[in-house]
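See below for the structure under consideration.
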Amino acid sequence: MDQHYDFARIEQKWKKYWEEEDLYKVHIDPGRPKYYVLEMFPYPSGELHMGHIRNYSIGDVVARFHTMKGYNVLHPMGWDAFGMPAENAAIERGIYPAQWTASNIASMHRQQQEFGLSYDWDREVATCHPDYYRWTQWLFLLFYQRGLAYKHKAEVNWCPSCQTVLANEQVVSGNCWRCDSQVVKKELEQWFFRITDYAERLLKDLDTLEGWPESVKIMQANWIGRSEGAEIIFPIKGRDDTIKVFTTRQDTIYGATYMVLAPEHPLVMDFVRGTKREEPVQRFVQEAIRRRGETVDPEELGKEGIFLGAYAINPFNGEEIPIWVADYVLMEYGTGAVMGVPAHDDRDFEFTDLHGIPKRIVIMPEKGAPIPEEMSEAYAADGYLVNSGPFDGLAVKEAQEAIADYLEEKGIGRRAVSYKLRDWLVSRQRYWGAPIPIVYCDHCGVVPVPMDELPVMLPEKVVFKPGTISSLAHMEDFVHTTCPQCGGPARRETDTMDTFICSSWYYFRYADARNEEAPFGKEAVDYWLPVDQYIGGIEHAVLHLLYSRFFTKVLYDAGLVKCQEPFTRLLTQGMVIKDGHKMSKSKGNVVTPEEIIGKYGADTARLFTLFASPPERDLDWSDQGVEGAWRFLNRVWRLVHNNLDVFQEKELNAPATTGFADKNLRYKLHDTIKRVTEDVEKRFGFNTAISTIMELVNEIYRYRDQLAGKELNTALLRESLEKTILLLAPFAPYLTEELWHTIGYGDSVHRQRWPDYDEEALIQEEVQIVVQVNGRLRERIRVPVNLPQEELEERALGLERIQGLTAGKEIVKIINVPGRLINIVVK
RNA sequence: GCCCGGGUGGCGGAACAGGCAGACGCACAGGACUUAAAAUCCUGCGGUUACUAAAAUAACCGUACCAGUUCGAUUCUGGUCCCGGGCACCA
């Protein structure tokens, strides 16, 4: 017999069989519990990499396991197909983005099928198909109708390399998330989604996501950035208007020694117009705005500012405080104006040191402590109020409440909540995206395209003019249209949608992917959604995952879906690393899925990626480790082939007097079933599940060796081999299918029930007990399971070594952990 | 700076509720099979020391570091160091 199995032949054979059998097609079946497992759909770059394989291998095990467990499993795949690379390819190679994308999809689809992934391909979607983006546009209009989409002129993030704007979430440390170029600020009129309306719910509902990693929830909470505090209205000396500030430390109001406005604040120029300060302030403001657009690191910025010659009046003590403009105050957050409390805020402290503004201490850590003259740093911690008039002596928390109450009573302010989250900028000056379904009519203004006229088709035959912004804007046939309202001439919106919109709802579409009447049918989404298990990279912690949650809540409010959260459980997988770096062409450490398939087959590739590390952690690629996975699969293959006789005999031999070896094997088998089930179901412990199966296989080999030449319990051997195949089926679907048929079955192994373990088999007559003296391991003894405690202690104390260690000493106590150890404490 | 993870043999990792540290795999070493190699199978494999011809055995140390709680700590608590990730003046 060969030492190795012919993976190429086997994998081809069963791939074809599964396709012919429609093995992975699913339909709504209210009689069975559903399970929706989903891997984040990929961008069709044209090639699968190991990160994809890891992602899909995890999802496939989860899907196959639940199918065997009796669930009706939805496991779809599709393509996040709009985006920049297609445009670049078009420019570089003179091929239309639609064609380039379609051929990439075809080749990646083929590679996925090689891997034997259990997708229902009838539900495949591609976001660039009119059948799909029609509904993306429909959803845009739904948002528009609900007042959640609006056009607005604002200072936005601009990536000079991608030649388009970016949402805040898509700027990573000042750089573009996609191309890493430095992002600059630009004033543009753009479409936004009002995600800030949902800030509170997006934050609060994080608590309901018990199946999400804490780290992702914390990242989202930080991104939303909720702060509780107060707005305080300051009158302006000599004028009728007022300035409103937002603060989280209203308790420090008596320590406010100045006020600062953001450079963009409308009052800034108002204060200095026509005065000698106008020119320097103007210069300062322009410079501040320019620098803000360029500089990445706030440390480099320092704290520049300039006095405006005006004074605000502290409504609590009537004190006049100077009003400054400074670059460290942001117009977009709070009210764009801050009360400066240098003694109790690090930034204000630094600013006043620089510009010679006095500090006043109003919080002391202890009651009655002497108030120091000098401070070396701001005191931002807890304490008690001083120098604060009627509020003296209150603790910080109490003062915050008391002062908020006072503000509201006197009508000079109110409690307020501020968020760091900004509205989602969704327009992009790119061709390869879903057109925004809006027209501009000279007569009627902004007019949405009627829903029944969708899709607004993206012209496929595009010509890219280098250096121009959006190619769509140059396509006269596209731009010129008629107004849906008055029928007069109108222009189309030429910006397209952020591709994150397309990916914010695809998991709903899978439930009803071929629906031509609606984005999805109610029955289908109510049955399948939410996604029970979502699997993907941590890099989407606040991008795709936040946007999708937002979309789901809007669809919920519109009555289109029943769930308020899209993903019940989330698994964030680690990266695939080789030689200490992420695999990349520039590092020259890339191993392609195709190489591995060619050399060892899909099962080995899957098994290795699952075995080498737990899914959340980074995976260190090791060619030798792959070799080990390959060896193991062959070991299983040989084990079955070497024992084929037990499947051919009709009368199986099960001697009545089963010996220790038999009991031992049967225990191992059922213990393995139990552990593998729990590992996969509860812990995503694929690495330990596989190692447990390896132990079982080793045990079966040992059993054969032990009983070589003796009468075998063929019934037990057969049970062991069959169940080993079943346990391995989700991990190595091709090999196990082959073996399942080899041992004589006609149906697919992937239609079998997951094995249950037999409690009886797990009952042991003897256990090993560890004997410790003063917590140090000294002996191990085997005793009957139900040996009474006194007898166990007696036996332990009677052991020669233990006697030697306890002789002449006082036994203080004996700790007994049933079934595990006893610890004799002596003095 | 703030907020999260993580640190266990030569390597990837295991130890699930405070109870045998190092499962499983890789690498390595020795042996079997072979004319030979590959493949396969078997055995060993954290460190130090003692004893010994060798094996066996035993003691001590050991889960980044320092304290603490406990009969007992990789696991819990406090502090320190290092590595990785997120945020970026958010008042």
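We name chains A, B, ... by the order of the sequence lines, and we start the count at 1 in each one.
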Can you check the [X] [atom1] to [N] [atom2] distance for me, whole Å?
X: A/E169; N: B/rG86; atom1: CD; atom2: C1'; value: 14 Å
X: A/L610; N: B/rG25; atom1: CG; atom2: P; value: 17 Å
X: A/H540; N: B/rG85; atom1: NE2; atom2: P; value: 17 Å
X: A/K217; N: B/rC4; atom1: NZ; atom2: C1'; value: 14 Å
X: A/F686; N: B/rG12; atom1: CZ; atom2: C1'; value: 18 Å
X: A/D618; N: B/rC83; atom1: CG; atom2: C1'; value: 12 Å
X: A/N774; N: B/rU70; atom1: CG; atom2: P; value: 15 Å
X: A/W637; N: B/rU40; atom1: CH2; atom2: C1'; value: 13 Å

State the pairing partner of [N]; accept Watson-Crick or G-U wobble contacts with both distances under 3.5 Å, and report none otherwise.
N: B/rG5; result: B/rC83
N: B/rC41; result: B/rG31
N: B/rG78; result: B/rC66
N: B/rA17; result: none
N: B/rU49; result: B/rA58

Can you tell me how the ring of [X] sits relative to the ring of [Y], calling it parallel under 30°, perpendicular over 60° and tilted otherwise?
X: A/F7; Y: A/Y5; value: perpendicular
X: A/F500; Y: A/W177; value: tilted
X: A/H540; Y: A/H544; value: perpendicular
X: A/H344; Y: A/Y379; value: perpendicular

Is B/rG9 syn or anti, taking syn as a glycosidic angle within 90° of 0?
syn

Upstream residue (5' side of RNA chain B) when A/I815 and A/G625 are each assigned their closest nucleotide
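Residue closer to the 5' terminus by nearest nucleotide: A/G625.
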
Heavy-atom nearest nucleotide on RNA chain B for A/M219 versus A/A629: which residue maps closer to 5'?
A/A629

Looking at [X] and [N], is any side-chain donor or acceptor paired with a base atom of the opposite kind under 3.5 Å?
X: A/Q768; N: B/rC20; result: yes
X: A/Q624; N: B/rG25; result: no
X: A/K303; N: B/rC89; result: yes

Once you apply a heavy-atom cut-off of 4.0 Å, does [X] come out as touching a base, just sugar-phosphate, or nothing?
X: A/S227; result: sugar-phosphate
X: A/E616; result: nothing
X: A/T688; result: sugar-phosphate
X: A/G225; result: nothing

If you check every side-chain atom of [X], which of [options] has the closest atom?
X: A/D327; options: B/rG13, B/rC89, B/rA91; answer: B/rC89
X: A/R801; options: B/rC71, B/rA59, B/rG25; answer: B/rA59
X: A/R683; options: B/rG72, B/rA15, B/rA14; answer: B/rA15
X: A/R631; options: B/rC26, B/rC42, B/rC24; answer: B/rC26
X: A/V338; options: B/rA59, B/rA91, B/rA15; answer: B/rA91
X: A/R635; options: B/rC24, B/rC42, B/rG86; answer: B/rC42
X: A/W223; options: B/rA14, B/rG25, B/rC87; answer: B/rC87
X: A/D620; options: B/rG12, B/rU40, B/rG19; answer: B/rG12
X: A/N823; options: B/rG19, B/rU40, B/rC4; answer: B/rG19
X: A/S613; options: B/rC87, B/rG13, B/rC20; answer: B/rG13

For A/P342, which of A/T252, A/D353, A/I361, A/T257 qualifies under side chain to side chain contact (heavy atoms under 4.5 Å, CB included)?
A/T257

At under 4.0 Å, does any side-chain N or O of [X] touch on OP1 or OP2 of [N]?
X: A/N698; N: B/rG25; result: yes
X: A/S691; N: B/rG13; result: no
X: A/N687; N: B/rA14; result: yes
X: A/R778; N: B/rA58; result: no
X: A/R702; N: B/rU43; result: no

Could you tell me whether A/Q803 atom CD has more than 12 heavy atoms of other residues or ligands within 6.0 Å of it?
yes

When the C1' atoms of B/rG46 and B/rG31 are considered, how many whole Å apart are they?
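Taking atom C1' in both B/rG46 and B/rG31, they lie 24 Å apart.
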
Separation of the P atoms in B/rU48 and B/rA55, to the nearest angstrom
15 Å

Give a yes or no answer on whether the side chain of A/D327 reaches the backbone of A/E304 with a donor-acceptor pair at less than 3.5 Å.
yes

Are any of the side-chain heavy atoms of A/V341 and A/R249 separated by less than 4.5 Å?
no

